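Reminder, nothing fancy here: chain letters follow the sequence lines and each chain counts from 1. Please read these numbers as outputs of a predicted model, since none were measured by experiment. Because only heavy atoms are used, hydrogens play no part in the values below, and waters and symmetry mates are left out as well, while side chains stay in.
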4 protein chains.
Amino acid sequence: MRVKDEAKQKALREATIKVVNQIGFASSSVAKIAKEAGISPATLYVYHKDKDELLCDIYTDIKIELARAMMTGFDHSQPVRDILKRMWLNGFRYLIKHRHYLSFIDQFANSPFFDVVDMSRIEPHFEPLIRVIQRGIEQKIIKDVHPELLKVFAVRPMMTLANQRQCGGFAFSEEHIEEAFRMAWDAIRL
Amino acid sequence: MRVKDEAKQKALREATIKVVNQIGFASSSVAKIAKEAGISPATLYVYHKDKDELLCDIYTDIKIELARAMMTGFDHSQPVRDILKRMWLNGFRYLIKHRHYLSFIDQFANSPFFDVVDMSRIEPHFEPLIRVIQRGIEQKIIKDVHPELLKVFAVRPMMTLANQRQCGGFAFSEEHIEEAFRMAWDAIRL
Amino acid sequence: MRVKDEAKQKALREATIKVVNQIGFASSSVAKIAKEAGISPATLYVYHKDKDELLCDIYTDIKIELARAMMTGFDHSQPVRDILKRMWLNGFRYLIKHRHYLSFIDQFANSPFFDVVDMSRIEPHFEPLIRVIQRGIEQKIIKDVHPELLKVFAVRPMMTLANQRQCGGFAFSEEHIEEAFRMAWDAIRL
Amino acid sequence: MRVKDEAKQKALREATIKVVNQIGFASSSVAKIAKEAGISPATLYVYHKDKDELLCDIYTDIKIELARAMMTGFDHSQPVRDILKRMWLNGFRYLIKHRHYLSFIDQFANSPFFDVVDMSRIEPHFEPLIRVIQRGIEQKIIKDVHPELLKVFAVRPMMTLANQRQCGGFAFSEEHIEEAFRMAWDAIRL
DNA sequence: GATGAATGAGTGTTCATTCAT
DNA sequence: CATGAATGAACACTCATTCAT
């Protein structure tokens, strides 16, 4: 028998993201995605149970990749702020580099599909971020507020800023990025 | 006849928001919306050129309503921070009260429809906000950074926090709201 | 607005029966039926909720028509045997005349759709038959056995004999038909 | 290897019957049948040229088995009626025991597949039945009518009565079965 | 102005079958 | 022999929109 094709798998993912990027979530049909991926619509169902699962799988993948990208280049002996800055910049650069992922991510996260994602597969990858924030709170460096608030003011802006649609006219110099992180930090620091 | 018209118009808008809320942007069809509004699909086309325009019109309406809700209860003699707080709290409360609008707004804003909205109809209503921020910058109270950055750290969080999907588990006490504004302010203030 | 077209309704029914007749239940698709009826597949859904309902509706229609055809040309003062013979011959002739209905009926009755038919719409039309049989039993003319047995030996053969597929090679003279009814009668009479 | 083959062959047959039984002829797909049989869809094509042939093969098998079941437990010196009764009861009991076969048989026999079955493989197994009937005619015990008529009134009811769908509510005591055969006999006897 | 009927084009999905392994 | 991957064609059904009334 033939063996499942890793390349096809990947092509499918990239095709999905590209199509969603170009024509939006609502208009992205299985047929268009398959065509872009260079496979038959039927083949899609060899790799994913249905359209919903395809989209959820891709979302999960990207989120995990983002987390992995964020969690590098620091060590736990560094000060909280330095670690967070490292993570923030890592994340921001990953998103800028993969801007086309963001359109997918944001459309997905605002769709009803989002409610159905198995978050337990994603959350562990963000553990280091959670821990360093907790450390910051313990050290009285970061405001002792509901974690949701910290996320909204520190992590979300990273995504919003990288978003083409919402901040498309905004070209980022190194200086801008520094400023942006400073604002995130000011928001959450004590 | 005029009265009947307006009632239908409004029913159509509320029906659209409700349907989008319940089944998402991608699954919301003209037929379902019309049914929910208690009118014929054909009638929809009396009021809006096509489906896209219906959605854009509603988005614009809500945004203007949000702006109007924000721009009340202060006068320009007050300090910048107080005015901004008033606006922020006004906006947040409006959004909490109309949470079902937010699901529509967010799905819309992340879709390609957004690119096609005539922003010049919305922007004037946010002028007071822009002006008070500029005053803050001139008075060296607010960071002199790209306006986009100020928006991302001060206004966006207001919407994100009110969003069911993204912050569903978060119940807001008055204290939380105060905290939230403080963080927004810390992010943008000098 | 346009008005629902009775002719289209009927064309749809005849087309369905014809298609099922020609290519069988399992291969009869909505597309083929619609094409045969000269309408768009989408139009089919204006007249019937879905394919299942279309088939059930047609089955019910035919059964009622058959019952109506059977219950004519006699009066209740006649002897039981004469009434039954009248009904039997009426039915048989109706079926021979509409042989193409039988293929549909038989395929339908052996499919899972059958389990879902609302029999209470059909049964009342067969009431006169039930009653005359009961009279026969009371008068000790007909065997006092389970009604199901009487049905199997008296009514079913009428349908089987008219069935193209099962008795295709059998050309019926008047004599044959008389013989057939005599056998049915012999089976059930005391 | 031979043994394994036969096991698969049999599993395939039983799976097909089961699936047809459960979801009907029209919905029974190769994939579902293969899954039920615990084999790959591709393997099915090792044993049968295509889906049609699979179904025809199974029909033929069952019909032959039914014939074999009927043609036991008597000898040709017995009276015609006794022999026929033996056959009828044998057949009826076989069908009751294998009720799940009947759903398949009946759906098949009313489908266009039926027209394509090679009857010459089945008919020889029913020869003894044909012969005893002919003897009955010669002995002036059985009506001298078209054989098709005899089949319709004597053999078909045996199948109809055993059919779940059509006589589901009818529970058979020994007495009922005796009655049923008596009716079949009354129909065909002189 | 308001409507339900009507539809071509499209939806997501499954089909029977083939093929490389 | 046996398989799971692969697919073009078909599936039932829904879409946004138009049109006669």
Enumerate donor-acceptor pairs with a distance under 3.5 Å from any side-chain N or O in residues 32-40 of chain D to protein atoms, sequence neighbours excluded.
| unit_1 | atom_1 | unit_2 | atom_2 | d |
| --- | --- | --- | --- | --- |
| Lys32(D) | NZ | Ser27(D) | O | 3.1 |
| Glu36(D) | OE2 | Lys18(D) | NZ | 3.1 |
| Ser40(D) | OG | Ala42(D) | N | 3.1 |

Whichever of Thr43(A) and Asp52(C) has its nearest DNA chain F nucleotide further upstream toward 5': Thr43(A)

Under the ring pair (Phe, Tyr, Trp, His ring centres under 6.0 Å) test, which residues partner His98(B), sequence neighbours left out? Tyr94(B), Tyr101(B)

Applying a 3.5 angstrom cut-off to the pairing atoms, does DNA chain E sit in any stems of at least three consecutive Watson-Crick or G-U pairs? List them by first number. E:2-21 with F:2-21

Less than 3.5 Å between a donor and an acceptor, one on the side chain of Ser40(B) and one on the base of dG4(E), is that the case here? yes

Would a line drawn from the ring center of Phe25(B) to the ring center of Phe113(B) be shorter than 6.0 Å? yes

For the residue pair Ser103(D) / Gln107(D), report whether a side-chain donor-acceptor contact shorter than 3.5 Å exists. yes

Take the protein atom OH of Tyr45(D) and the nucleotide atom P of dG4(F), then report the distance between them rounded to whole Å. 15 Å

Nearest whole Å is fine: how far is dT17(F) C1' from Tyr47(B) OH? 18 Å

Under a 4.5 Å cut-off applied to non-hydrogen side-chain atoms, are Ile17(B) and Ile62(B) in contact? yes

Need to verify one output field. Residue with the more 5' nearest nucleotide on DNA chain F, Lys32(C) or Leu44(D)? Leu44(D)

Pick the nucleotide of DNA chain E nearest each of Pro41(A) and Asp5(C); which residue has the one closer to the 5' end? Asp5(C)

When you get a sec, tell me which of dA6(F), dG12(E), dT18(F) is the closest nucleotide to the side chain of Val30(A)? dG12(E)

